[in-house]
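A, B, ... follow the sequence lines: proteins, then strands. Residue 1 opens every chain. Fair warning: this is a prediction, and the values are worked out from it, not measured in the lab.
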Protein chains: 2
Amino acid sequence: MQTVLVIEDEQDLAELIAFHLEKEGFHPVVVADGLAGLNEARNNPPQLILLDLMLPGMMGTEVLRILKGAEKTAAVPVVVLTAKGEEIDRVVGFELGADDYVVKPFSVRELMLRVRAVLRRNGEAPKPSQMALGPLTIDTEQHLVTVDGEEVQLTSTEYKLLMNLAERPGRVQSREHLLQTVWGYNYIGDTRTVDTHLTRLRSKLGAAGDMIKTVRGFGYKMEQ
Amino acid sequence: MQTVLVIEDEQDLAELIAFHLEKEGFHPVVVADGLAGLNEARNNPPQLILLDLMLPGMMGTEVLRILKGAEKTAAVPVVVLTAKGEEIDRVVGFELGADDYVVKPFSVRELMLRVRAVLRRNGEAPKPSQMALGPLTIDTEQHLVTVDGEEVQLTSTEYKLLMNLAERPGRVQSREHLLQTVWGYNYIGDTRTVDTHLTRLRSKLGAAGDMIKTVRGFGYKMEQ
DNA sequence: TGCTAACTGTCAGTTTTTTGGAAGCTTTCT
DNA sequence: AGAAAGCTTCCAAAAAACTGACAGTTAGCA
């Protein structure tokens, strides 16, 4: 069952949306303000979030920023509801990271279309639970990494960093890109930090450490 | 340069769209009916197609069906323009395979947003982005250059220089131009520097080194 | 709840690699 | 042959990356 979190303060609208979501086979969870939405999203990450940008208390864009910045919720697609005239570019583009939007007043039908479309896009690539690259083995289900059969203890950051590189072996990823995907959408930090963690990761991986190649001036890549 | 094919019979609207696409940095190609659109799409596949569903002669949905059914064009994302009340579900959903839609009357801004969004989504996935010129192979994703199958280690400047030449084989590029594009717009430096790097590049490329021709008095070019 | 160990991000010193340009040599053209 | 353009070698300076230390934070455990 796919859960959709609806963050919407107008009760009538929220009910209407929930009703239709249910009709479409989703499991809607409705909350009335941004804070509640953040909590719910954190404690029980849904498959998709519908976020009204005009919320009381906390700016909707602020909620969006936090959602995309937090580790647990960064990957959850967000469709925003917005009134005409707001700065959609900023919200949907890279800056805030919404995945789609619907302009008020909208037809419920249109909203459902967008919801389905976004879920379709994001659900397409189910990740394999096991990977093997040379001496390196990653089991995403067990969260287990081995080198030459020996288990390697990685911290969460190291693990995510490794996953990012290993998922697309051969592909060069810039420090900025890694910061975005590993550290979160709008993390602001030193790109040197990536270096540090890379060093730690390499040393922990031992023999497999030099499977991670430095591409000077561009970033890092996993050897194929 | 990203090409967008616009299939639209209302000339005013077509021009408006083309104007804005150009402003956004795309290369618009406009045709007025479905048949011409199919031909153009087949002969010169664009990065995205904007299709008006209300076309004379051939039903827009029919054009869409053919586009999505043909091998060469199936992967090209399509954004449809549609009047309210048409059966959007059918068009956008799995049945016909449009990637997004905009309902007439629409704001140009919204259209551009959708165009950018669709291109972003589709650009993320598999772009083989490989080039081959004789014994030379360049993989931009992996940042890997090979000559006769052997990997060649290039520095960042050498790589950028090679890319500049290889992207437009046959075209002569002046030292000034190369300085601008490789070293940056407001770099101030000696054009002799280009010589130095070219020498290094040629020597590293080994057998493929003399694919880069000197055009005395003008600059350099990549052999076609 | 308080204590401890582990994890993180930042920084600064060190090492490695790249880079730009100078100078002399070679080729090409007239 | 002389001049102009291009090629090559070399080296100091700059850039990029690596690494270890440190302090703040978090998470686990008693």
**Student:** In this structure, are over 12 heavy atoms from other groups packed under 6.0 Å from B/E150 atom CD?
**Tutor:** no
**Student:** Have a look at B/S203 and say if it touches a base, only the backbone sugar-phosphate, or nothing, with a 4.0 Å heavy-atom cut-off.
**Tutor:**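 Since no nucleic acid heavy atom lies under 4.0 Å of B/S203, the category is nothing.
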**Student:** Taking the side chain as every heavy atom from C-beta outward, state whether A/Y159 and A/I138 have any pair of such atoms under 4.5 Å apart.
**Tutor:** yes
**Student:** Classify the nucleic acid contact of A/R192 as base, sugar-phosphate or nothing, counting any heavy atom under 4.0 Å across all strands shown.
**Tutor:** base
**Student:** Please pick, from D/dC18, C/dT18, D/dC11, the nucleotide with the shortest atom-to-atom distance to any side-chain atom of A/R216.
**Tutor:**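 Selected nucleotide: C/dT18.
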**Student:** Find the distance B/D190:CG to D/dC7:P and express it as a whole number of Å.
**Tutor:** 14 Å
**Student:** For C/dT19, take OP1 and OP2 only and decide whether either is under 4.0 Å from a side-chain N or O of B/T155.
**Tutor:**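 For C/dT19, OP1 or OP2 has a side-chain N or O of B/T155 closer than 4.0 Å.
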**Student:** In whole angstroms, how far is the P atom of C/dT19 from the CG atom of B/L154?
**Tutor:**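 Atom CG in B/L154 sits about 10 Å away from atom P in C/dT19.
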**Student:** In sequence, state the C-alpha distance, the side-chain angles, and the governing distance for B/Q142 and A/R171, and then conclude on side-chain contact (heavy atoms from CB on, under 4.5 Å).
**Tutor:** CA-CA 4 Å; B/Q142 297 195 43; A/R171 179 190 198 135; 5.6 Å; no
**Student:** Under 4.0 Å between any heavy atoms, over every strand shown, what does B/T157 touch: base, sugar-phosphate, or nothing? Just pick one.
**Tutor:**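 Touches sugar-phosphate only.
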**Student:** When you compare the side chain of B/R175 with that of B/D195, does any pair of heavy atoms fall below 4.5 Å?
**Tutor:**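 Side chain of B/D195 against side chain of B/R175, heavy atoms only: contact under 4.5 Å found.
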**Student:** With a 4.0 Å cut-off on heavy atoms, is B/T199 in touch with a base, just the backbone sugar-phosphate, or nothing at all?
**Tutor:**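 Touches a base.
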**Student:** Atom CD of A/E176 to atom C1' of D/dA17: distance rounded to whole Å?
**Tutor:**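 Atom CD in A/E176 sits about 14 Å away from atom C1' in D/dA17.
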**Student:** Classify the nucleic acid contact of B/D195 as base, sugar-phosphate or nothing, counting any heavy atom under 4.0 Å across all strands shown.
**Tutor:**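 Since a base atom lies under 4.0 Å of B/D195, the category is base.
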**Student:** At under 4.0 Å between heavy atoms, what does A/T193 touch on the DNA or RNA strands: base, sugar-phosphate, or nothing?
**Tutor:**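 Base contact.
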**Student:** So which nucleotide from D/dC7, C/dT18, D/dT8 ends up closest to the side chain of B/Y220?
**Tutor:**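 The nucleotide sitting nearest to the side chain is D/dC7.
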**Student:** What's the CG-C1' distance between B/L205 and D/dC7, to the nearest Å?
**Tutor:** 16 Å
**Student:** Does the side chain of B/T214 get closer than 4.0 angstrom to OP1 or OP2 of D/dC7 through an N or O atom?
**Tutor:** yes
**Student:** Distance check needed: D/dA15 C1' versus B/K160 NZ, whole Å only.
**Tutor:** 12 Å
**Student:** State, with a plain yes or no, whether a side-chain heavy atom of A/K221 is found less than 4.5 Å away from one of B/L144.
**Tutor:**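 A/K221 reaches B/L144 side chain to side chain.
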**Student:** If you measure from the Lys or Arg side-chain nitrogens to the Asp or Glu carboxylate oxygens, is any gap between A/E158 and A/R200 under 4.0 Å?
**Tutor:** no
**Student:** Taking only side-chain N and O atoms of A/W183, does any of them lie within less than 4.0 angstrom of OP1 or OP2 on C/dG9?
**Tutor:** yes
**Student:** Side chain of B/Y187 only, please: which of C/dC11, C/dG21, C/dT8 is the nearest?
**Tutor:**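 Closest nucleotide to the B/Y187 side chain: C/dG21.
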**Student:** When all nucleic acid strands are considered with a 4.0 Å heavy-atom cut-off, which category describes A/R200: base, sugar-phosphate, or nothing?
**Tutor:** base
**Student:** B/L198 CG to D/dT8 P: how many Å, rounded?
**Tutor:**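 It works out to 10 Å between those atoms.
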**Student:** Under 4.0 Å between a side-chain N/O of B/R202 and OP1 or OP2 of D/dT8, yes or no?
**Tutor:** no
**Student:** Expressed as a whole number of angstroms, how long is the span from B/Q153:CD to C/dT16:C1'?
**Tutor:** 14 Å
**Student:** Would you mind reading off the distance between B/H197 atom NE2 and D/dG6 atom P, rounded to a whole angstrom?
**Tutor:**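 It is 17 Å, rounded to the nearest whole Å.
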